[in-house]
There are 2 protein chains.
Amino acid sequence: MRKEYDKMDIGLLHLENKKVILKLIKHENEISRSAIAKKSGLTPPTITRIVNDLILNDKLVERLGLGDSSGGRPPLIVKFKNTSNHVIGIDLGATYIRGCLVDLNANFISEIQVPTELEKGFESIVEKIVAIVAKLRKRKGPDEKIWGIGIGVAGLVNSETGIIESSPDFGWSNIDLRKELDKRLDLPFFYDNSTRLMALGELKMGIRENQKNFVVINIGYGIASGIVAEGNLLKGYNGFAGEFGHISVDPDSDVQCKCGMYGCLEALASGHRIASLGIQELENNRSEMLKELSGGNKDLITAELVANAALKGDKTSLEIFDKIAEYLCKGIGVIANLLNPETVYIGGGISLNEGLLFKLIEEKKKKYLLQSNLKVQILPATHGDQATSIGAVALILNKIMNLELR
Amino acid sequence: MRKEYDKMDIGLLHLENKKVILKLIKHENEISRSAIAKKSGLTPPTITRIVNDLILNDKLVERLGLGDSSGGRPPLIVKFKNTSNHVIGIDLGATYIRGCLVDLNANFISEIQVPTELEKGFESIVEKIVAIVAKLRKRKGPDEKIWGIGIGVAGLVNSETGIIESSPDFGWSNIDLRKELDKRLDLPFFYDNSTRLMALGELKMGIRENQKNFVVINIGYGIASGIVAEGNLLKGYNGFAGEFGHISVDPDSDVQCKCGMYGCLEALASGHRIASLGIQELENNRSEMLKELSGGNKDLITAELVANAALKGDKTSLEIFDKIAEYLCKGIGVIANLLNPETVYIGGGISLNEGLLFKLIEEKKKKYLLQSNLKVQILPATHGDQATSIGAVALILNKIMNLELR
DNA sequence: TTTTTAAATATATTAAAATAACTTTCATAA
DNA sequence: TTATGAAAGTTATTTTAATATATTTAAAAA
């Protein structure tokens, strides 16, 4: 990247124009050279030269054939070559490691999932990543290219050094994943925090293009968020931006969070909390449904099980979700009033249960959002449980589109 | 500005390099052509040509003389021409309108303050702005140039249309200030929300350069904030970003905010609240000092008076500030944990009382900030009660440095 | 005084895009 | 059926702004 006081030269000028043309072709999918000229302001000869370069050297564009004439020579249509160009995305979670091979339009070619088996240690996890990559590489055709590997890690990643500074999920601190993977992978790879990647996926490959202000909330066993503001994915001064789980939503609460503070959203509204409230209700014998579904075994009570009970109409479980939604709404209120996003996406395990949570939040949001912010849309994350994988893919796709990869 | 799919051409290339050189000269203040070459990567001939252009045409750079030789021809030093280039900054507040004439290094040449007199209406306010500008223009020398006028408005400004969509302070909605001022001013002028401008001033003209993540909290009769994240001043989807005053810090509070919600930071910790708590204590006869300072007249009790009492050691007033600091700290905790800023600046009337508030916040912050965010610095706004004016100047200076003004 | 070194400038060259002229191809209409 | 014109794309030339190289200027070191 060009630094603050770096010159602009003719090479960068050319690169900029090449990027403009590539992005236009990807955006329009099918387009003629003369249409590119109109949209970009570049002249036809320049476009011919650059498009040919993209076809012959970068192999990111292909000729499609003739388009319809409108009273003259019919246009030669070119197309973004999404097939035969692939990316590997990896979601490195505490319970599963998931890998996927996708084309540049995010169509899944192949997918693999293996248990993480944390107890076997860091070395074993590296091994599993390498094995997944090797397997996925076999699933591509002979003339097809894999541009790189994106990895979403459940932990704090320093984007400068590549060091995983800390990961409560894995129990890691100061792990140099880059160094280890460098030895074992011969493809370009990049990684970042998994929730941040969910936001990147939403930014680059979400349902709406050109959204510049939104937040992705990831609710699993913990609660985190990825924030996009003015089109930028926020990292913050030390890379900690997005710690949505540790804003206080009930200062008088006696539930202590892992972080030591009281009343954190994560302590009050995470998957863990749903399960523990469920267990409490089971022990107090307040729900027949929970008893039935778990067979009375409290170890079998999970957030998912409580959600199922609620969906089946269990009043106690519904009350739990009502409470959770109330807390989440307070948190969303804070984020909405502070950042004025266009959309708040909710992802992670909790968002998969058919709209129960969204219905509750929709009912409650009036209480916590400024009148002027009520228009904010609260939606499930576009890519569901593949959100991190897609985000990891977006990390690579972004570099391809910026011509940073060969 | 260049749009997403717009070409880059050789004119823009040249403009970019001109900007690089201008910014380098301003940043270094005094620098030789060959040093510019080293820092920018541009070659000496190019630099000579562009620097001469900046000296002769733009008049933003001047020759200073010879520097020290280090064994060869001594360098010809050039300098950013801050004197004889001026900007007018205007702080349009509900009680006062303040105008200042400053040079491009933010040195004050002249300053004017007039009461706003809201009751005389919009037309009268426009008149006052025009009069301030006319007066300030007379205070510049004959060969000196005023580049433009920046205006900070206490209200929500739509930066696309220039419409002031709403301003509780002025009781305005959908006011087209641009249209009115266009008729009366023959200098380029731009305006934005005053708190956002405080943040812009901190970004472009603050004590630290190159801070990319920070927040400015403006505590006056209301509470607002300006957020800079990844080097960008946040506006949000509808331009509402920064409504820090309306995050809930005490959901159980029975103090209702003007916005209709309960427990808003603005309702609990603004200048208004400090005064109203002071009045309450006076009426309950709990403070001799407040009684003495106000002569028993509750209409004379202001936030400033309570602050003075606290500084003189009045226990009741200290308790008020303690409570206020507690609420503010909760709010700062939310912002710090969510955005991971490097610094949180506090400005507005409340920040002027000699560090009392900062001492209290420093003591309390452990309770509300994640361990990893405790390093965040909480400081008074660099430019004190001139923060909005300086921000308004920064708005223009920014355009000058981007060569958007002639 | 001569040589060396650094800074600035003058002149020639280069890279990339713009311009202009030209070819190809088809729709339309005489 | 065949001119005609318009749109798409190509080729050749020009323009622009930067770079490379050579030259001039000026002071420090030999």
Side-chain angles (χ1 to χ4, degrees), chain A residues 2 5-22 24-25 28 30-57 61-79 403, chain B residues 2 5-22 24-25 28 30-57 61-79 403:
Chain A
R2 202 174 136 227
Y5 297 118
D6 274 5
K7 68 171 177 179
M8 180 90 202
D9 66 15
I10 208 146
L12 285 173
L13 162 73
H14 179 66
L15 191 67
E16 272 304 304
N17 284 335
K18 195 170 165 180
K19 279 190 227 173
V20 164
I21 291 178
L22 180 61
L24 245 170
I25 294 173
E28 301 282 325
E30 295 179 8
I31 189 170
S32 71
R33 286 162 165 85
S34 71
I36 297 173
K38 283 200 192 80
K39 301 220 174 196
S40 67
L42 286 161
T43 54
T46 303
I47 294 178
T48 294
R49 194 159 43 84
I50 293 179
V51 169
N52 287 344
D53 187 27
L54 285 168
I55 292 172
L56 297 171
N57 299 117
V61 173
E62 61 189 343
R63 282 178 244 267
L64 193 74
L66 291 175
D68 290 336
S69 161
S70 59
R73 178 173 172 175
L76 287 165
I77 308 292
V78 293
K79 188 179 171 305
L403 299 168
Chain B
R2 204 176 133 223
Y5 297 118
D6 274 4
K7 67 170 178 181
M8 180 90 202
D9 66 13
I10 209 150
L12 285 174
L13 162 74
H14 178 64
L15 191 68
E16 273 304 303
N17 284 334
K18 195 169 167 182
K19 279 190 227 173
V20 164
I21 291 179
L22 180 60
L24 245 170
I25 293 173
E28 302 282 324
E30 297 180 6
I31 190 171
S32 71
R33 287 164 165 83
S34 71
I36 297 173
K38 283 200 192 78
K39 301 219 175 197
S40 67
L42 287 160
T43 53
T46 303
I47 295 181
T48 293
R49 195 159 40 85
I50 293 178
V51 169
N52 285 345
D53 187 27
L54 286 168
I55 293 172
L56 298 171
N57 299 115
V61 172
E62 60 189 343
R63 281 177 245 269
L64 192 74
L66 292 176
D68 290 337
S69 163
S70 58
R73 177 174 174 175
L76 286 165
I77 308 293
V78 293
K79 189 179 169 305
L403 299 168

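Only this structure's heavy atoms are used, side chains among them; waters, hydrogens and symmetry mates stay out. Residue numbers begin at 1 in each chain, while the letters A, B, ... track the order of the sequences.
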Flag if over 12 foreign heavy atoms under 6.0 Å of NZ, B:Lys79: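 Atom NZ in B:Lys79 is crowded, with more than 12 foreign heavy atoms closer than 6.0 Å.
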Phosphate oxygens OP1/OP2 of [N]: is one of them under 4.0 Å from a side-chain N or O of [X]?
| X | N | result |
| --- | --- | --- |
| A:Thr48 | D:dT10 | yes |
| B:Lys38 | C:dA6 | no |
| B:Ser34 | C:dA7 | yes |

Gap between atoms [atom1] and [atom2], on [X] and [N] respectively (whole Å):
| X | N | atom1 | atom2 | value |
| --- | --- | --- | --- | --- |
| B:Leu66 | D:dA27 | CG | P | 7 Å |
| B:Ile36 | C:dA6 | CD1 | C1' | 16 Å |
| B:Ile31 | C:dA8 | CD1 | C1' | 15 Å |
| B:Glu16 | D:dT16 | CD | C1' | 17 Å |
| A:Ile47 | D:dT11 | CD1 | P | 16 Å |
| A:Asp68 | C:dC26 | CG | C1' | 11 Å |
| B:Leu12 | D:dT15 | CG | P | 21 Å |

Using every non-hydrogen atom in the two residues, find where [X] and [Y] come nearest and quote the distance to one decimal.
| X | Y | value |
| --- | --- | --- |
| A:Leu22 | A:Val61 | CD1-CG2, 4.2 Å |
| B:Tyr5 | A:Val20 | O-CG1, 3.4 Å |
| B:Ser40 | B:Ile47 | OG-CD1, 4.1 Å |
| A:Arg33 | A:Val78 | NH1-CG1, 3.8 Å |
| B:Lys39 | A:Asp6 | O-OD1, 4.3 Å |

Intermediate values then yes/no, salt bridge (charged side-chain N to carboxylate O under 4.0 Å, His left out), B:Arg2 and A:Glu16: CA-CA 12 Å; B:Arg2 204 176 133 223; A:Glu16 272 304 304; 3.0 Å; yes
Touch class at under 4.0 angstrom, heavy-atom based, for A:Leu76 against every strand present: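 Sugar-phosphate contact only - A:Leu76 comes under 4.0 Å of backbone atoms but never of a base.
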Proximal nucleotide (of C:dA8, D:dA27, C:dC26) relative to the B:Ser69 side chain: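 In terms of side-chain proximity for B:Ser69, the closest of C:dA8, D:dA27, C:dC26 is D:dA27.
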Per-nucleotide protein contact string for nucleotides 14-23 of chain C, where B marks a base within reach and S marks sugar-phosphate only (heavy atoms under 4.0 Å, - for neither): -BSBBBB---
